[in-house]
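Please find one structure pasted underneath; my questions will follow.
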Amino acid sequence: MKGNSYDHKKIESKWQKIWEEQKLYQTPEGVTQKNKFYILPQLPYPSGEGLHVGHAEVYTACDIYARFQRMNGKKVLQVIGWDAFGLPAENFAIKNNVHPRINTNKAIDNFRNQIKSLGISVDWSREVGSHNPDYYKWTQWFFLLFYERGLAYRKKQKVNWCPSCKTVLANEQVVDGKCERCATEIEQREMEQWYLKITEYADRLYDDLDKIDWPKETIRRQKEWIGKKKGAEITFNLSVPGQKEGKHGVNVFTTRLDTIFGVTFVTVSPEVAKKWLDVGWQATDEVKKYVEDSLSRTDKERMAGAGDKTGVFTEVYAINPVNQEKVPVWVADYVLGDVGTGAVMGVPAHDERDFEFAKKYNLPIKVVVMPFMASKNEKNYQDAMNRITTEKVFTEDGVLVNSGNYDGLPSEEARKKILDDAQKDNWATEKTTYHLHDWSVSRQRFWGAPIPMVYDDRGKLHPVKKEDLPVILPEDVDFKPTGQSPLTYSDLFQKGVEEKYGKGWKREVDTLDTFMCSSWYYYRYLDPHNDQAFASEEALKKWMPVDFYLGGVEHVNGHLLYARFFTKVLYDAGYINFDEPFSVHRHQGTILGPDNHRMSKRWGNVINPTDVVEKYGADTARVYEMFMGPLEQDKSWNDNAVQGVRRFLVRIWNLVQDEKKSLADTSSETLQRLLHKTVQIVSDDTKNLKYNTAIARFMEFTNLWMRQGEQLSKDDTKTFLKLLAPYAPHMTEELYQKIKGSLAKPDLAPREKDQVIKEYKSIHLESWPSYDEKLIQEDNVTIVVQVNGKVRQTLDVRHQTAENKVEVIALVQQDEKVKKYLEGKQIKQEIFVPGKLVNFVV
RNA sequence: GCCGCGGUGGUGGAAUGGUAUACACGCAGGACUUAAAAUCCUGUGGUUGAAUAAACCUUGUGGGUUCGAGUCCCACUCGCGGCACCA
């Protein structure tokens, strides 16, 4: 009676092979916007370390969804590719003296095999790698598109420089003042670099977050990163010693125009002061020294001194445009050069930093805003005044005082009115600032897509002609980092440029940030072999936008922002008719080691998914990882629990092979009811990505099925297997074909294979089961009886009765135990929830 | 400092305002076995109790709303995450 024992290796490799031969997961024909479903797991970086359990989590979660959608009649596109350029491969190459292409391709082969061993239903004919010329040709094309549209430019400015990686990094790649990749302290250097004007899209990137289904937290963080703030830019005329008053001016940005009557000084950043010095300002030696010292410090060092503000009086005065008051101008490094205009109006009564500064240098403090309460009644007035003396800062909105015509106005209104008036008098304009800066995209490294630009003999820039793309990354390069781009030294790279463009012409030698490659990869999958376009119009119309995107939280302020930016530029250029790439996005949580630490070699707690697949099977690995907890949550590994999942699968394996259990004439009644209930709940949970609770339901069902006397008919067994198929695709396929009788021999000897295949229809192409509404209704319902809100008894009542208040209460009151609790008490109130509960209030 | 999220058995975790602790792990006892492993069965929040009698307590702490709160509100606390001299 016991069938074969569960040999996961045999089953899994067999079916993986058949599925591949049958091209089971190739993207189907007849795709329309209505029936398509585009599932996108985040683009992996093929590290030499191999697949991580976190990768397995992402691919399994996507794969379950893909299989579920497929069985529900959707035409599914599920794809994988490689984010193959980048520093680790290059660093490895330097260390071991092999070309990065070699170790990258090796890593990709390894990743591909590992992913295949998990039984992920990917259409491998669409695989892409960002390091292949037919891919980066289009990365370069995108760069040219940005250039044409005035969105790519060169600029000399302070950049983040990683002394270890010897390259520039984007703001998004600097974490805590350290390099995201190697954790080296970042230096600031003045360099000429390529930038993409993402700031031009800041508003749309901000506003359109409201129209996509993304995690709330992610949307919040992106908004915070964009850092949109509305305010005003104000011009203060300056009085410089030895110069005519009003000849010079300084602009400041503020979100608190309502506090302008409280200005008692103006502070400029060292950067702004430097500019003044550069145009001939005769400042004191003290000022010059302060500016020089400040500028030699990194932003990080400057911020470290946040608690103790320093500054120097410049002997310049600024004239407050609202009341012509003359206030001193200071230079201080608490004002940052790259925020707003690099200069602020000092309102010490209503800004913490200005307050601190004023205290230190004995500058006057002038209260111009009082809490709302103060204007309402006399008693609170004193309290309020006590709170906002010159000893305490009041930074909230309130009511204006000491502000001329604006006295008595609430802050909000005052801001509008002052701005209106100021605009008429020409001393302020409405202005929005952003925390987001333009995206620095040039890298002084080898292993990336060359920037498709050339310089003529006078050093002037020209774009490479589109028909000349790709600009091939040469093979003959000494890629050891020197701080100069390695491509500088490649003869092969510069060869032909003069022929093509003219004598003395040279190529740009920097390469593109790899985030450029990953900003558009989801388009390439749609049409991966097209050499006329990054993707055909038809393919774009059919498949986009992505219906489900799963990726890590670490990409919130980098990749996800860049990808949205790319999409908006494509939209503006008329290539697509939507302007958000990912309709639904979710994050997977991190899988931690058994010791609750992040997995790392250092802790010796790394779990290798391939070991798990080897030992317990892909189906066990998949089901376990999904059973650990909610997808988006961090979870720690527990090897005992893996074995528990394996046990669960083996039980099913044995049950289905037991004909009395799985091929009975009819299903036992309780089990059949539970099956229908299970169909309902598993369908809901799977749709809502609550895989962990769906699996719990499968276990509950299996527990009942194992009981003596419980049995399933063949059809009901098939239904159960179909439900489980997305989760454990190999085992369910094997069992399904077996009970269908499609497999004469489980081992498919080559000669018999054709015959078997003829009648073979994969379980993964079957339709998702439906349930019978009548069968999920129980005959009996459990009514909970409470007395004063405490549960005292539960009673089983006929389904129809349970809906009727009078009948239920009558029935309940006959119960001995309930009687005891109600004895000698007056029922004040009876609460009745139909089909659920009775609560007596006594 | 500001903003956000969270705190449920020994552990991972379940619970549209209606039986808190589903499911799993672990543990304990039992069956099978010469024995062990595997498998199966039973039990398992806490306190009192001989009890599979009964009672009380229990979702970080304290209050509130409600017939009824893990769930809603307020305060506190601890933990995690994001941002941070952003004007």
Work out how far the C1' atom of B:rU44 is from that of B:rA22, and round it to whole angstrom.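 The answer is 15 Å between these two C1' atoms.
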Is there a donor N/O on one and an acceptor N/O on the other, under 3.5 Å, for the side chain of A:Asn640 and the base of B:rC25?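 Side chain to base: no pair below 3.5 Å.
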Below 4.0 Å: OP1/OP2 of B:rC67 and any side-chain N or O of A:Lys828: no
Select base, sugar-phosphate, or nothing to describe what A:Arg221 touches, counting heavy atoms under 4.0 Å on all strands.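 The answer is sugar-phosphate, as A:Arg221 gets under 4.0 Å only of primed atoms, P, OP1 or OP2.
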What is the nucleic acid contact for A:Val645, judged by heavy atoms within less than 4.0 Å: base, sugar-phosphate only, or nothing? nothing
Which of the following nucleotides, B:rU19, B:rC86, B:rA14, is nearest to the side chain of A:Asn692? B:rA14
B:rC5 phosphate, OP1 or OP2: any side-chain N/O from A:Arg220 under 4.0 angstrom?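 Looking at the OP1 and OP2 atoms of B:rC5, neither is under 4.0 Å from any side-chain N or O of A:Arg220.
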Does B:rC57 have OP1 or OP2 under 4.0 Å away from a side-chain N or O of A:Lys790? yes
Is any side-chain N or O of A:Gln633 closer than 4.0 Å to OP1 or OP2 of B:rG13?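 Result: yes.
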Whole Å only: how far is the CD atom of A:Glu224 from the P atom of B:rG1?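 About 17 Å, once rounded to whole Å.
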Just call it for A:Asp354: base, sugar-phosphate, or nothing, with non-hydrogen atoms closer than 4.0 Å on any strand.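 No contact at all - A:Asp354 keeps every heavy atom at 4.0 Å or more from the nucleic acid.
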Scan A:Thr782 against the nucleic acid and name what it touches under 4.0 Å (heavy atoms): base, sugar-phosphate only, or nothing. base
Taking O4'-C1'-N9-C4 for purines and O4'-C1'-N1-C2 for pyrimidines, is B:rG4 syn (within 90° of 0) or anti?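 Chi for B:rG4 falls in the anti range.
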According to a strict under-4.0 Å criterion, is A:Lys690 in side-chain N/O contact with OP1 or OP2 of B:rA15?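 Indeed, a polar side-chain atom of A:Lys690 lies that close.
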Using OP1 and OP2 only, check whether a side-chain N or O of A:Arg792 sits under 4.0 Å from B:rC56. yes
With a 4.5 Å heavy-atom cut-off, do A:Asp210 and A:Lys223 have their side chains touching? yes
Identify the stems formed by RNA chain B, where each pair is Watson-Crick or G-U wobble with both distances under 3.5 angstrom and a stem is at least 3 consecutive pairs. B:1-7 with B:77-83, B:10-12 with B:23-25, B:26-31 with B:39-44, B:45-48 with B:54-57, B:60-64 with B:72-76
Students often get this wrong, so: under 4.0 angstrom with heavy atoms, is A:Asn638 touching a base, only sugar-phosphate, or nothing? sugar-phosphate
Which part of the nucleic acid, if any, lies within contact of A:Asn703, taking any heavy atom under 4.0 Å across all strands shown: a base, the sugar-phosphate backbone alone, or nothing? sugar-phosphate
Side-chain N or O of A:His435 less than 4.0 angstrom from OP1 or OP2 on B:rA84? yes
Which listed nucleotide (B:rC23, B:rG26, B:rA87) is nearest to the side chain of A:Arg647?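 Out of B:rC23, B:rG26, B:rA87, the nucleotide with an atom closest to A:Arg647's side chain is B:rG26.
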Integer-rounded Å distance: B:rC25 P and A:Tyr616 OH: 13 Å
Using the C1' atom as the reference point in each nucleotide, state the distance between B:rA14 and B:rG9 in Å, no decimals.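 About 13 Å, rounded to a whole number of Å.
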Side chain of A:Gln786, base of B:rG18: donor and acceptor closer than 3.5 Å?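 Counting by modelled atom types and ignoring angles, a donor-acceptor contact under 3.5 Å is found here.
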